[in-house]
Amino acid sequence: MAHWLMKSEPGECSIDDVVRAPGQTVPWVGVRNYQARNFMRDQMRVGDGVLFYHSSCPEPGIVGVCDVASAAYPDATQFDRTSPYFDPKATREAPRWQHVDVKLVRKTRLVPLVEMRANPALATMQVLRRGNRLSITPVTPEEWRAVMQLLKRE
DNA sequence: GCCAACGTTGGC
DNA sequence: GCCAACGTTGGC
């Protein structure tokens with residue numbers, strides 16, 4: 001089983017939105033970066049662990065644990081002219097963008113970005129790399145374990 | 001609002 | 001295929 005960190009702006013989809021979603025599952029629509037898409041399309045498997053991360057907000061950090069709940073399938077918003085994620089170059093015959101569904105495991109305490117940065121065990125995390133903008137990044141088993149340890153703390 | 005970092009676009 | 005210009009991300 002692989003592990004991932006997935007960023008979401010809470011104004012778009014917060015952890016509480018996932019808690020309230022039908023089946024506590026959300027379609028991860030709107031990814032418009034090829035590297036992030038490829039992670040979902042080529043590498044994610046149902047059951048993979050996901051750290052749910054709030055970005056572009058007053059308190060960025062990890063706020064929940066989820067898992068991958070589907071294989072990748074075409075992102076409907078790419079065809080929707082009224083959507084901010086509309087992509088004029090995408091066609092139904094040749095969709096460009098795909099995504100997986102993500103299901104809640106549990107909402108956690110907030111692990112703020114500053115706490116993550118302060119923890120040597122997390123120093124290798126891709127999301128902490130200077131200049132990182134990728135919305136989906138792989139998490140190593142060691143990093144995952146370290147985050148699970150952090151989550152046991154109050 | 002600033003700005004570093006980096007992906008994408010498009011002219012050549 | 002190069003690369004400058006431009007746009008976006010996202011923390012601060």
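All heavy atoms count here, side chains included; hydrogens, waters and symmetry mates do not. Numbers restart at 1 for each chain; the letters A, B, ... are given by sequence-line order, proteins then strands.
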Visitor: Can you check the A/Ile136 CD1 to C/dG10 P distance for me, whole Å?
Guide: 11 Å

Visitor: So, the side chain of A/His54 versus the backbone of A/Ile15: is there a donor-acceptor pair under 3.5 Å, distance only?
Guide: yes

Visitor: Taking side chain to side chain donor-acceptor pair (under 3.5 Å) as the cut-off, I'd like each qualifying pair that reaches into residues 11-31 of chain A, sequence neighbours left out, listed once.
Guide: A/Glu12-A/Tyr85, A/Ser14-A/Asp17, A/Asp16-A/Lys107, A/Asp17-A/Arg20

Visitor: Shorter than 3.5 Å, N or O on both sides, protein versus nucleotides 4-7 of chain C: list them out with atom names.
Guide:
residue: C/dG7; atom: N2; partner: A/Arg133; partner atom: NH1; Å: 3.3

Visitor: Taking A/Ser8 for its side chain and A/Cys13 for its backbone only, find out whether a donor-acceptor pair lies under 3.5 Å.
Guide: yes

Visitor: Atom OH of A/Tyr34 and atom C1' of B/dT8: how far apart are they, to the nearest Å?
Guide: 9 Å

Visitor: Can you list every side chain to side chain donor-acceptor pair (under 3.5 Å) pair that touches residues 68-79 of chain A, not counting sequence neighbours?
Guide: A/Arg32-A/Asp75, A/Arg32-A/Thr77, A/Tyr73-A/Asp101, A/Asp75-A/Thr77

Visitor: May I ask you to evaluate whether A/Lys7 reaches the phosphate of C/dG10, defined as a side-chain N or O under 4.0 Å from OP1 or OP2?
Guide: yes

Visitor: Please list all pairs meeting ring pair (Phe, Tyr, Trp, His ring centres under 6.0 Å) that have one or both residues in residues 111-150 of chain A, counting only residues at least two apart or in different chains.
Guide: A/His3-A/Trp144

Visitor: Send over the distance from A/Arg37 CZ to B/dT8 C1', rounded to a whole Å.
Guide: 14 Å

Visitor: For the helix from B/dG1-C/dC12 to B/dC12-C/dG1, what is the angle between the axes at its two ends, each from 5 pairs, rounded to 10°?
Guide: 10°

Visitor: List in chain and number order the residues that pass side-chain hydrogen bond (donor to acceptor under 3.5 Å, both in side chains) with A/Glu9, two or more places apart in sequence or in another chain; answer none if no residue qualifies.
Guide: none

Visitor: Going by side-chain heavy atoms closer than 4.5 Å, which hydrophobic residues are tied to A/Tyr34, directly or by a chain of links?
Guide: A/Trp97

Visitor: Looking at DNA chain B, which of residues 52-63 of chain A put a heavy atom within less than 4.0 Å of it?
Guide: none

Visitor: Let me know the distance between CZ of A/Arg96 and C1' of B/dT9, rounded to the nearest Å.
Guide: 11 Å

Visitor: Would you please name every residue forming a ring pair (Phe, Tyr, Trp, His ring centres under 6.0 Å) with A/Phe39, sequence neighbours left out?
Guide: A/Trp4

Visitor: Let me know the distance between CZ of A/Arg129 and P of C/dG10, rounded to the nearest Å.
Guide: 16 Å

Visitor: Please give, in whole Å, the distance from C/dG10 P to A/Leu128 CG?
Guide: 13 Å

Visitor: Out of B/dT8, C/dG10, C/dG11, which has the shortest distance to the side chain of A/Glu9?
Guide: C/dG10

Visitor: If a pair satisfies salt bridge (charged side-chain N to carboxylate O under 4.0 Å, His left out) and one of its residues is in residues 81-91 of chain A, list it, with sequence neighbours excluded.
Guide: A/Asp87-A/Arg96

Visitor: Does anything in residues 117-128 of chain A form a side chain to side chain donor-acceptor pair (under 3.5 Å)? List the pairs, not counting sequence neighbours.
Guide: A/Thr124-A/Glu143

Visitor: Rounded to the nearest Å, what distance is computed from the CG atom of residue A/Asn33 to the P atom of nucleotide B/dT9?
Guide: 11 Å

Visitor: Going by side chain to side chain contact (heavy atoms under 4.5 Å, CB included), name the residues that satisfy it together with A/Val105, two or more places apart in sequence or in a different chain.
Guide: A/Val65, A/Asp67

